[in-house]
2 protein chains.
Amino acid sequence: MNDETYHDGRHHGACVHGTARPCCRHAGGAGQGALVEPAALAALLGGAAHGYDLRRAIGELTNGQLDVDPGGLYRVLRRLETEGFVVSEWAGSGPGPQRRNYELSEEGRDLAEGWVVHLRERERLSGLLADVLTEALAKEAPTE
Amino acid sequence: MNDETYHDGRHHGACVHGTARPCCRHAGGAGQGALVEPAALAALLGGAAHGYDLRRAIGELTNGQLDVDPGGLYRVLRRLETEGFVVSEWAGSGPGPQRRNYELSEEGRDLAEGWVVHLRERERLSGLLADVLTEALAKEAPTE
DNA sequence: CTGCACTATATGTTGGCCTCATATAGATGT
DNA sequence: ACATCTATATGAGGCCAACATATAGTGCAG
């Protein structure tokens, strides 16, 4: 009603500024750090699948926490293929739109292992910074 | 010696690809997500200071885990000032290069609180994705 | 006296990512 | 016929970290 801020599950309401002003950190991935690539790798580890199914698998694997943009997902799959981490081919013709089947290569499995390390580091740094901020806010007691 | 990879504490050796190829994820903040702004806010919560000192404070607050680029730090401080989260002025003339003193505004404190929420979310998602990947890798037992 | 390292502030540039937008095409249900 | 879902894809904007580069003041060692 008179709540003019967005509530569509995207970044509008989750802007770090906590305001309705145009959020300056919802593009370019600098907000959270890359997520689509590791999510795609996780889904592919569960077995070969087509793009649309991988997106669904990501949602299931993360209990609905991650809903990756299909545009970004296909872009990542393409790039991972050009880099040799994924292999894909058009699936046999059946009813419905043409499907492309994606499968992880051995190098892709190694890449996934690398991402675990990277994500743990991000988790650690995020927690560390959140702790530092929390303590600093607590010390800076209201004096007004 | 014959180890051709970098070892200068930057992202070279920490590339998510785990290879010596030009790491494609060490620029644009997409690697870890934004860190300079919350770190700057944390340092400013400790009291007004000049830029160079804030960088040192960040190092201390994070036990050496974070060594922010001075270029980026000054850029963030400037932007935070134009956005009203920080106030600064040239310090009185003394020996040495000219210094600028930065101080958090009330809005800046609110912004810092918003960053705690954001960082906890990033911590949570990073941990979730790392868990998902770890479990998927464990299930995909070596069959070769 | 010179050169180097530190202090202190700053701008330029590049590459990658997320988000949002838009597009094409096949199938199904109302 | 239209809306929705399935399925694949490209374009564009904005942000960030990292690296580079610049200017200027100071102190110290050789």
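Protein chains get the first letters and strands the later ones, always in sequence-line order, with residue 1 at the start of each. Values reported hereafter were calculated over all heavy atoms of this structure, with side chains retained and with hydrogens, waters and symmetry mates removed.
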- Message: Looking at A:R79 and C:dG16, is any side-chain donor or acceptor paired with a base atom of the opposite kind under 3.5 Å?
- Response: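 By the distance-only test, no, there is no pair.
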- Any N or O donor-acceptor pair linking the side chain of B:R75 to the base of C:dG12 at under 3.5 Å?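 Yes.
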Mind checking [X] for me? I need base, sugar-phosphate or nothing, with any heavy atom below 4.0 Å counting as a touch.
{"X": "A:V36", "result": "sugar-phosphate"}
{"X": "A:R78", "result": "sugar-phosphate"}
{"X": "A:G51", "result": "sugar-phosphate"}
{"X": "A:R100", "result": "sugar-phosphate"}

- Output the distance between atom CZ (A:F85) and atom CD (A:E83), rounded to the nearest 0.5 Å. 5.5 Å
The side chain of [X] is closest to which nucleotide in this list: [options]?
{"X": "B:P70", "options": "D:dA9, C:dA8, C:dT9", "value": "C:dT9"}
{"X": "A:Y52", "options": "D:dC5, C:dT11, C:dT7", "value": "D:dC5"}
{"X": "A:A34", "options": "C:dC17, C:dA8, D:dT8", "value": "C:dC17"}

Nearest-Å distance, [atom1] ([X]) to [atom2] ([N])?
{"X": "A:E37", "N": "C:dG16", "atom1": "CD", "atom2": "P", "result": "11 Å"}
{"X": "B:E81", "N": "C:dA10", "atom1": "CD", "atom2": "C1'", "result": "14 Å"}
{"X": "B:E89", "N": "C:dA8", "atom1": "CD", "atom2": "P", "result": "17 Å"}
{"X": "B:E121", "N": "C:dC18", "atom1": "CD", "atom2": "P", "result": "15 Å"}
{"X": "A:D69", "N": "D:dA9", "atom1": "CG", "atom2": "P", "result": "14 Å"}
{"X": "A:D67", "N": "D:dC5", "atom1": "CG", "atom2": "C1'", "result": "14 Å"}
{"X": "B:R99", "N": "D:dA24", "atom1": "CZ", "atom2": "C1'", "result": "15 Å"}
{"X": "B:L73", "N": "C:dA8", "atom1": "CG", "atom2": "P", "result": "13 Å"}

Can you check whether [Y]'s main-chain N or O pairs, donor with acceptor, with [X]'s side chain at less than 3.5 Å?
{"X": "A:S105", "Y": "A:G84", "answer": "yes"}
{"X": "B:R99", "Y": "B:A49", "answer": "no"}
{"X": "B:R122", "Y": "B:A34", "answer": "yes"}

- Query: Which residue lies toward the 5' end of DNA chain C, B:D53 or A:Q98, if each is placed at its nearest nucleotide?
  - Reply: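 The answer here is B:D53.
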- Residue mapping more 5' on DNA chain C - nearest nucleotide basis, B:H50 or B:G71: B:H50
- Message: Consider side-chain contact (heavy atoms from CB on, under 4.5 Å). Of A:V87, A:L44, A:L111, which one does A:L104 pass it with?
- Response: A:L44
